[in-house]
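Comments concern the structure below.
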Amino acid sequence: QGKTYQFKLVLLGESAVGKSRYEIMDAAILVMRFVKDHFDEYRESTIGAAFLAQTVTLDDDTTVKFEIWDTAGQERYKSLAPMYYRNANCAVVVYDITQASSLDKAKSWVNELQRQADPNIVIALAGNKVDLEAKRAVETKTAQEYADECGLLFVETSAKTAYNVNELFDAIAKRMPLE
Ligand code: GTP
Ligand code: MG
């Protein structure tokens with residue numbers, strides 16, 4: 001009886017910013033991570049792209065399903081990206097708060113999306129790895145101002161501790177046109 005909406009979401013950003021880590025939102029896995037402190041530090045870089053799904057329940061009547069395309073950030077895969085963002089309804093452009101150059105890369109993805117993707121695409125900027133606060137190289141305010149200027153959603157996350165990861169997807173779900 002409740003309504004279910006489905007959207008295609010693309011993850012973009014420099015290699016090693018943590019895009020593939022957002023898959024940990026599965027509640028059972030999260031519990032495992034907290035209980036056993038299980039977070040394998042080493043993870044293979046994505047080759048080509050990977051697919052995952054995420055469901056957000058907005059209220060008892062509304063469910064938003066994201067079909068997530070996790071793109072590979074390595075330069076050699078750059079030419080594949082348009083295939084994934086071309087008909088995407090939303091995009092999460094990720095940078096690493098400890099690497100200033102990854103914000104520059106994120107900005108170039110935002111430019112490309114604003115020029116080439118669907119004009120109605122909802123874009124979120126995510127500053128990941130906030131658990132590494134001591135190594136922070138990008139101030140929250142700097143990224144927030146840029147996001148406001150460009151009309152992007154903005155969140156800082158940690159895919160390691162799961163901080164703000166669900167909030168990121170909730171915020172996108174709320175911004176999607178549900179009619
Ligand atoms: P590509 O697939 O090459 O584009 O990289 P990616 O953006 O998918 O990065 P990935 O998710 O593979 O993460 C790269 C490394 O950063 C891994 O060793 C992760 O464990 C680590 N990492 C990801 N997110 C976080 C985080 O929030 N905090 C910390 N401390 N490490 C993280
Ligand atoms: Mg990856």
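We count ligands from 1, going down the list as the structure has it; atoms in each ligand are counted the same way.
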Should [X] be counted as touching ligand 1, given the test is an N or O pair under 3.5 Å?
X: V130; result: no
X: K19; result: yes
X: S20; result: yes
X: A159; result: yes

> What are the protein N/O/S atoms, named by residue and atom, that sit under 2.8 Å from the Mg ion (ligand 2)?
Replying inline: S20 OG, T46 OG1
Would you please say whether a donor-acceptor pair under 3.5 Å links the side chains of [X] and [Y]?
X: S158; Y: D131; result: yes
X: S20; Y: D70; result: yes
X: D96; Y: S102; result: no

>> For L132, which part has a heavy atom under 4.0 Å from ligand 1: side chain, backbone, both, or neither?
In response: side chain
> At a non-hydrogen distance cut-off of under 4.0 Å, which region of N128 contacts ligand 1 (side chain, backbone, both, or neither)?
Replying inline: side chain
>> Heavy-atom contact check, 4.0 Å cutoff: does S158 meet ligand 1?
In response: yes
Drop me the distance from [X]'s [atom1] to [Y]'s [atom2], to the nearest 0.5 angstrom.
X: K129; Y: K135; atom1: NZ; atom2: NZ; value: 9.0 Å
X: R86; Y: I121; atom1: CZ; atom2: CD1; value: 12.0 Å
X: E133; Y: I97; atom1: CD; atom2: CD1; value: 5.0 Å
X: K174; Y: T62; atom1: NZ; atom2: OG1; value: 11.5 Å

>> As a check for students: among Q74, K129, E156, E14, identify the option with a heavy atom nearest to atom 22 (N) of ligand 1.
In response: K129
> Regarding K107 and the six-membered ring of Y146, is the cationic atom NZ or CZ under 6.0 Å from the ring centre and inside 45° of its axis?
Replying inline: yes
Which atoms of ligand 1 sit under 4.0 Å from any heavy atom of [X]?
X: A72; value: 4 (O)
X: S45; value: 1 (P), 2 (O), 3 (O)
X: G73; value: 1 (P), 4 (O)

>> List the residues meeting salt bridge (Lys or Arg N to Asp or Glu O under 4.0 Å) with E156, not counting sequence neighbours, and say none if there are none.
In response: R136
> Counting N and O atoms only, with roles assigned by atom type, does the side chain of K19 sit under 3.5 Å from a partner on the main chain of G13, one being a donor and the other an acceptor?
Replying inline: yes
> Is the F7 ring parallel, tilted or perpendicular to the F66 ring (thresholds 30°, 60°)?
Replying inline: tilted
